[in-house]
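Quantities reported herein were computed from a predicted structural model and do not represent experimental measurements. The chains referred to below are lettered A, B, ... by the order of the sequence lines, with proteins before strands, and numbering in each begins at 1.
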Amino acid sequence: MTTLETGRTVGAGIDRVDAPLKVTGSAHYPNDFSLPGMVHAALVGSTVAAGRIRGIDVSRAEAAPGVLAVITHLTAPALERGPMTLLGGSPPAPMQDDRILHYGQHIAIVVAESAEQARHAARLVHVEYEAAKAVLDVDDPRAEIVENPWGLDTQRGDIAAGFAQADVVVEDTYTTPDNTNNPLGLMATLASWHGDALTVHDSTQWPHNVRTSLATIFKVPESGIRVLAPFVGGGFGAGLRVWSHVILTVMAARQVKRPVKLVLSRPEMFTSVGHRPNSVQQIKVGATRDGDLVAIEHHGMSSVAMEDDDYEPVSFGSVVAYACPNVLTRDRQARLNIPCPGSMRAPAEGQGNFALESAIDDVARAVGMDPLEFRLRNYADEHPLLGLPWSSKALRECYLEGAERFGWSRRTPEPGSMRDGRWLIGYGLAGVSYPFYQVPCQARASVRRDGSAYVRSAATDIGTGTYTVMTQLAAELLGLEVEQVRFDLGDSDMPYAPQAGGSGLTGALSNAVHTACRRLVQEFLDVVADDAASPLRGAMLDDVTVTDGRVHRIEDAAQGESYADILARHGLEELSADGRSTPPQSEDLGMALAGAFGAKFVEVRIDPALGLLRVARVVSAIDGGRILNEKTAASQIIGGTVGGISQAMFEETATDRGTGRIANATFGDYLMPVNADVPDMEVLFVGGPDRATAVGTKGVGEIGLVGLAAAIGNAVHHATGRRIRSLPITIDQLML
Amino acid sequence: MHPFEYALARDADQAVAVATADPHTSFLAGGTTQLDLMKDGVLQPGRLLDITRLPLKGITHTDTAIRVGALTTMEELAADPVVRDRLPFVREALLLGASTQLRNMATIGGNLLQRARCRYFRDPTVPACNKRNPGSGCAAIDGIQRMHAILGTSDHCIALHASDVAVPLTALDAVVHTQGADGTRSVPLTQFYLPPDDTPHVENVLQHGELITAVEIPLLPAAARSHYIKVRDRVSYEFALTSAGVAVLIENGLVQEARVALGGVGTIPWRAWDAEDVLRGAQATTEVFRSAAEAALAGARTLPGTAFKVDLAKRTLVRTLETVAGAQS
Amino acid sequence: MKHTETETRLSGQSPPEVPQVDITLTVNGISHSLQVDTRVTLLDALRDHLGLTGAKKGCDQGACGACTVMVDGRRVVSCLALAAQCQGREITTIEGLSTDGELHPMQAAFARHDAFQCGYCTPGQIISAVCLIEEGRAETEEDIREFMSGNLCRCGAYPNIRAAIRDVKAAVHDVKGES
């Protein structure tokens, strides 16, 4: 493995390469595209959560002005269910029978000349249901329970013996509500068929998955399908799967033989594209009076849809967080009549960390130890389950440098002991050990006759900065200026890329780009291998480096020539090379693969009379491995932190008990932070490149969010003496 | 949206005549409630009569009152120098409502006529809503209750009136001037709104086709030292959980004049008459303020999801009174 | 088959039974004459009829600010205005902010401060921010926070948005100070 050594272009906080498009409104998101002859679709959603469709009358809708087609389960073609993916099974194929499994389930799609006509006609579809009593609560005895859904339940040591040794045990139940991803971009699909060939603009985080899935579902060759997503209006997990609305739009386009565009409404965004499921967690933590953790037991229960899957092991993060000899984790899911949950930024970790890091604070206080000191004392120098050294871990530095920057030492331990006028002040912290995730990825790099480079991969940039950091990385590896490199993505005709998710894309893609660029340099060496006119004749890859568009020998920079000269002399227009990355394997390296680590420090202010809670300051100290762009990486952390504040204080998707309807499916009712809720914040990157891969990045898309809920909860406790174990933390819980 | 005809009103007389003659015609002003509810399918007028070009904009002043044209936007009213100097809580309530973009669109007449934010009212797929479909029941009572009312509710409706600016206007006895088929009339805001009782679909005294032409706001001495506090989960851009608008005149530690209204708690903007009675002539102390708050919320009817609002509303009122008193001591 | 009957119709045209309205919209200084379904909002007119897709649809309910444009110099949410109501008004969208390919200072500041991530809310944020300074509401940090709160950013770029606004505000002061 050749690791990336230098840092001329990589790391610098350059402006996003796509910034000019984004600030001028010229970046085109899926619903910005139009095609000649395009028509519009609207969906009809079920208004019961369980039962059957007894009758569906589409006559008024069909007769409405401009309507081209109304498709229901009675008229829909048979569809295959999508394939197994890296993220588990695909959602069920829509409209294949009369069964209703959740409120808002798509039961008809209306196509009309204009969007206004389609939406209006959709309201004219009349449905009669044979409603059944919906299972809506994880406590409902009728709910089917899935035990150990992912085979991740863990037991190490002897949990009973561990608690027997403990001088202090805390045991509590924590709950987190459903949250809805709610990217600001309404998810849209524009589908256009030409025979068996299909072009789809889609708000996806994973174009290849859309391609593969649609090929399976519609039984057409993958090679004829092209999926485009050059810009996506955020995702936060909502774009990871090929949801029902995508399939229905493609189906409708095939039937009306016109390009069809569907834009989900905001209420539909709550029922159609996944959500973070609620959790009920029992956590029990034991420590000696000296402050040594001796036992952690963490049970998680989440909800899942009736006939779908979601990966949400909420307790699993407790396995590796601390050097605790006895740990037991168990996860279960209850099948409910709910829209299918799916990954939402920091799935499982976001919920589980809230319980663990709140309980750790309680234990620290019970043994009379500063919460920071307690965490450092129980620091896991090795991977606790594997007993291997980490490929990188600078969590200790995160704690120490974060505490220094935050001014943790000013904290007085007693709850309620810090004040500013009427405001109670609380300091809280939380630690985060984010799991490693990486899957195979490919990229292709070309250098053209003019010496400029074009690098591409079918990834997406959902705001993460992929365009920018990969441009920087390729420029670095090819010895070019950033301006000479174009990195492109968002097109399934490009080399395979995995999803933008799991904080895994940047690592996987950067290693693929690394390989592609190294191979491209090798291609140039191959061309001049026997070229008497070349000062590089016979050079090996390890003998050369690239600077200013020239390949030259390391020991003598004068011995080299430019890409352009090589191509010109050999009559070549361009040279290209492919790169593949495969995830590193722990066994090969003798190291435990590390994800990002972080320590979050929060100051809250509470007006106890009115229950007002304000986050006044946040310091996030992050070990994200190699940082490719300080500016965009910091933005990821800031954005994640806002997501964490949102989880802690605002977000709760409310479901009507009787009907299973989402009761707050609008932006007026579902609260997320506005500008005034969010303080300025500090982000510190500590640590260095991870040792497991060539580029050594660890991915920072999710680590920013995790820990905020616990840190805020811990700060609230410090300010008030009140421990809140149910998110979100709201006014009614804080009036003192 | 249901298809509709669009027409521009020529003048107020024509607008009133057209709308009065046709039950399917609605006025269109700022549109921030009307179009929103039409998109939701709650409102389905056959014709929208655009009144935005009528000469009902602008603010005129006398020594004792200001007269606000019904089409004056919330931002325009908040920027008025007399409002700034002599009606601070009106300005505060205006600027704590909605967002700048919405305040640039929403008119003062439209603000007073804004419809309930209740998600059961706003979703026509919910069968039970007495406000939308009289006699069908109230899904909110068994639903998610946190944003609903605790004062003026009935067994038929618990929907909140969410206007902020209506709170201080109610406290000040502002007067709504209208033009209808039977001519013009003036209705005090305290008599303009109708609590739901068993007719939640009837929200105010306006007849169909009757147009608000202006709102007259008295310039009371107490209002110069007024304050509006809005408590909500977010710092900004959210409807109130509770709010209080208070105009109090204190001399030598005694409350000479008190105007108190509450928001976020009532099915209509809630004038706290009983609180005013407690305050008037009493010492301006926190103890008295607490008694006033008790009186204001004495009639509260809660559900499990709204129980916390009683205490929160009291505390909000006490804080508002303390703030005003503090500024005068 | 219903769809074959209608296949010959051009996209965007509606049958005669849907009420239409003739309007002239002046957008970024250029006037456009349109006949549209009365239901078409200003936002949809801009996006679907004039091809100006900079203003974005994030909720279509006036609750997110992604569709913010200026009408007669004031910021509004274009999803809650009918196109028909904007007859004769001067409309400015993100596409009209830069002149001759030169970014507006606010656009440049947003790029410099990384005041966006996915970029979807950005056109609305920038229009709002330009208006904020015009309104005299960028004087204090508290004002910037409060009066930018009508524009949601789910990516959470708020601190960087404020930094961009402060930067432009400071530059405006500098220019005024010099003159």
Side-chain angles (χ1 to χ4, degrees), chain A residues 44-48 64-66 103-104 115-117 119-120 122-124 127 265 267 422 607-615 646 649-659 661-678 728-736, chain B residues 1-4 32 36 38-42 44 96 98-99 102 117-120 122-128 139-140 142-147 162 229-239 241-244 286 304-320 322:
Chain A
V44 179
S46 161
T47 58
V48 300
Y103 200 103
E116 288 81 10
Q117 292 167 338
R119 287 195 292 262
H120 174 241
R123 289 193 195 279
L124 302 177
V127 187
S265 69
R422 78 159 70 102
D607 179 330
L610 299 180
L612 303 178
L613 169 62
R614 305 283 184 255
V615 176
S646 193
M649 297 169 53
F650 299 108
E651 292 187 49
E652 178 170 17
T653 309
T655 299
D656 281 329
R657 280 169 163 273
T659 63
R661 164 186 170 270
I662 308 293
N664 59 346
T666 73
F667 274 168
D669 301 277
Y670 183 84
L671 300 183
M672 311 185 302
V674 295
N675 198 311
D677 291 305
V678 174
I729 302 171
T730 50
I731 283 172
D732 33 315
Q733 294 169 296
L734 294 178
M735 290 158 60
L736 300 178
Chain B
M1 269 190 268
H2 195 75
F4 58 86
T32 54
D36 198 15
M38 286 169 65
K39 288 181 184 185
D40 284 342
V42 175
Q44 300 194 341
L96 288 170
S99 66
L102 289 165
R117 301 301 310 182
C118 174
R119 278 311 302 165
Y120 304 91
R122 286 181 173 247
D123 183 349
T125 68
V126 174
D142 298 318
I144 306 294
Q145 301 151 348
R146 193 165 188 266
M147 296 304 289
I229 287 182
K230 180 174 183 179
V231 175
R232 47 188 165 177
D233 295 297
R234 290 203 295 221
V235 172
S236 180
Y237 200 18
E238 190 191 352
F239 294 96
L241 280 170
T242 59
S243 73
T286 295
T306 55
F308 76 100
K309 292 178 91 170
V310 177
D311 198 21
L312 186 62
K314 290 178 193 168
R315 292 169 182 225
T316 305
L317 177 53
V318 170
R319 175 68 62 81
T320 313
E322 284 176 341

Distance, nearest 0.5 Å, that separates CZ of B:Arg234 from CE of A:Met649:
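The distance works out to 11.5 Å.
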Inter-residue atom distance B:Leu312.CG - A:Leu612.CG, 0.5 Å rounding
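Answer rounded to 0.5 Å: 8.0 Å.
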So, applying side-chain contact (heavy atoms from CB on, under 4.5 Å) with B:Ile144, which one of A:Asp656, A:Asn664, A:Ile662 is it?
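Single pass found, and it is A:Asp656.
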Knowing that exactly one of B:Glu238, B:Arg119, B:Arg146, B:Arg122 qualifies, which makes a side-chain contact (heavy atoms from CB on, under 4.5 Å) with A:Asp669?
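It is B:Arg119, the one option of B:Glu238, B:Arg119, B:Arg146, B:Arg122 that forms the side-chain contact (heavy atoms from CB on, under 4.5 Å) with A:Asp669.
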Report which part of [X] has an atom under 4.5 Å of a heavy atom belonging to chain B: side chain, backbone, both, or neither.
{"X": "A:Thr659", "result": "neither"}
{"X": "A:Asn675", "result": "neither"}
{"X": "A:Leu671", "result": "both"}
{"X": "A:Arg661", "result": "side chain"}

Using non-hydrogen atoms and a 4.5 Å limit, figure out which bit of [X] sits close to chain A: side chain, backbone, both or neither.
{"X": "B:Lys39", "result": "backbone"}
{"X": "B:Arg232", "result": "backbone"}
{"X": "B:Asp142", "result": "neither"}

Tell me, do B:His2 and A:His120 make a side-chain contact under 4.5 Å, heavy atoms counted?
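In contact.
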Close side-chain approach of A:Ile731 and B:Asp233, heavy atoms under 4.5 Å:
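Yes, their side chains come closer than 4.5 Å.
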Using a 4.5 angstrom heavy-atom cutoff, name the option from B:Thr125, B:Thr316, B:Thr242 with the most pairs to chain A.
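Between B:Thr125, B:Thr316, B:Thr242, the count favours B:Thr125.
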